[in-house]
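Read the numbers this way: they start at 1 and go in the same order the structure lists the ligands and their atoms. Every heavy atom of this structure was used, including side-chain atoms; hydrogens, water molecules and symmetry mates were not. In this chain, numbering begins with 1 at the start of the sequence shown.
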Amino acid sequence: MDAESLKSLAWLVVWGGLFYVMMRYGCGAHMMGHGRHRDAGAAAGGSGKDPACGMMVDPEHAKAAAVRDGKTYYFCSDACRNKFEQEPAKFIKTGSQEAHHA
Ligand SMILES: [Zn+2]
């Protein structure tokens, strides 16, 4: 009878661990981080952050702009835009990196 209760205890630990990992890295993490983040990105059609240097740029007063994949990017200077134009993939992030901050 002792072996029996040990077995069920072991199962509890295994399932507990699985659940923890799932919440932490799987579906749970998705539910916590995803929806809100995507909204912010979609709504930011006109707002500006210079992807080259990372500083916020007022679209109305941006020194330079570039359109990539239907999205407009604003830059604090022509130099930043040139950097971006040369290697856009380097500056356009998919968002997975920022998700950790949420
Ligand atoms: Zn810049």
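A pairwise comparison of heavy atoms in Ala52 and Asp50 identifies N-OD1, 2.7 Å as the closest pair. Heavy-atom minimum distance, Pro51 versus Phe75: CD-CE2, 3.4 Å.
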N/O donor-acceptor pairs under 3.5 Å from side chains in residues 54-68, not counting sequence neighbours:
| residue | atom | partner | partner atom | Å |
| --- | --- | --- | --- | --- |
| Asp58 | OD1 | Glu60 | N | 3.1 |
| Asp58 | OD2 | His61 | ND1 | 3.1 |
| Arg68 | NH2 | Glu85 | OE1 | 2.7 |

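Counting only protein atoms, the N, O or S atoms lying less than 2.8 Å from the Zn ion (ligand 1) are Asp50 OD2, Cys53 SG, Cys76 SG, Cys80 SG, ordered by chain and residue number.
Interatomic distance, Phe91 CZ to Gln86 CD, rounded to the nearest 0.5 Å: 8.5 Å.
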message = Pair Ile92, Phe84 - check side-chain contact (heavy atoms from CB on, under 4.5 Å), show working.
response = CA-CA 9 Å; Ile92 301 175; Phe84 175 84; 3.8 Å; yes

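Residues Leu6 and Leu12 fall into different hydrophobic clusters, defined by Ile, Leu, Val, Met, Phe, Trp and Tyr side chains chained together at heavy-atom separations under 4.5 Å.
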